[in-house]
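Below you'll find the structure, written out as structure tokens, and then a few comments.
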Amino acid sequence: MEPGGRKDKQKQKETPTRADKTKQKSAQQEQKQRQRAEIYALNKVMTELEQQQFEAFCKQMQSKGE
């Protein structure tokens with residue numbers, strides 16, 4: 001038995017395979033897509049809220065001016 005042979009086998013077990021790397025990359029891309037979709041949805045909600053608040057402010061200012 002050669003001690004060098006054991007180290008090579010251990011290193012092979014530690015290094016991720018190409019399939020594992022591909023799966024990780026795919027999972028990261030899916031996560032980024034979900035996060036992006038969530039950000040867009042949140043941005044839409046915040047924009048609508050800001051518009052509602054602005055309209056309420058405009059009505060309030062008009063009623064004070066009369």
Side-chain angles (χ1 to χ4, degrees):
M1 275 191 176
E2 292 180 3
R6 284 191 226 157
K7 288 181 183 178
D8 289 341
K9 288 181 182 179
Q10 288 175 350
K11 285 182 182 179
Q12 287 176 355
K13 290 179 183 179
E14 291 174 4
T15 57
T17 63
R18 184 175 285 172
D20 290 339
K21 287 181 182 180
T22 304
K23 285 179 184 179
Q24 280 183 335
K25 199 171 204 176
S26 177
Q28 286 176 344
Q29 287 175 342
E30 288 176 13
Q31 183 181 12
K32 284 182 183 181
Q33 287 176 346
R34 278 194 303 270
Q35 286 176 339
R36 188 177 182 126
E38 289 173 5
I39 289 169
Y40 281 130
L42 181 59
N43 189 30
K44 181 179 178 182
V45 170
M46 295 299 289
T47 302
E48 290 172 356
L49 179 60
E50 184 180 8
Q51 185 65 32
Q52 290 172 0
Q53 289 176 341
F54 178 70
E55 290 171 2
F57 172 76
C58 289
K59 286 179 184 178
Q60 184 182 22
M61 296 314 271
Q62 283 178 349
S63 65
K64 285 185 179 180
E66 293 176 357

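Grouping Ile, Leu, Val, Met, Phe, Trp and Tyr by side-chain contacts under 4.5 Å, direct or through others, puts Leu42 with Met46.
To the nearest 0.5 angstrom, Glu48 atom CD is 10.0 Å from Asn43 atom CG. Note: Lys59 NZ to Phe54 CZ = 12.5 Å, rounded to the nearest 0.5 Å.
In the displayed structure, Glu50 atom CD is contacted under 6.0 Å by at most 12 heavy atoms of other residues, nucleotides or ligands.
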Please table the atom pairs, donor to acceptor, closer than 3.5 Å between any side-chain atom in residues 21-30 and protein atoms at least two apart or in another chain.
residue	atom	partner	partner atom	Å
Thr22	OG1	Arg18	O	2.8

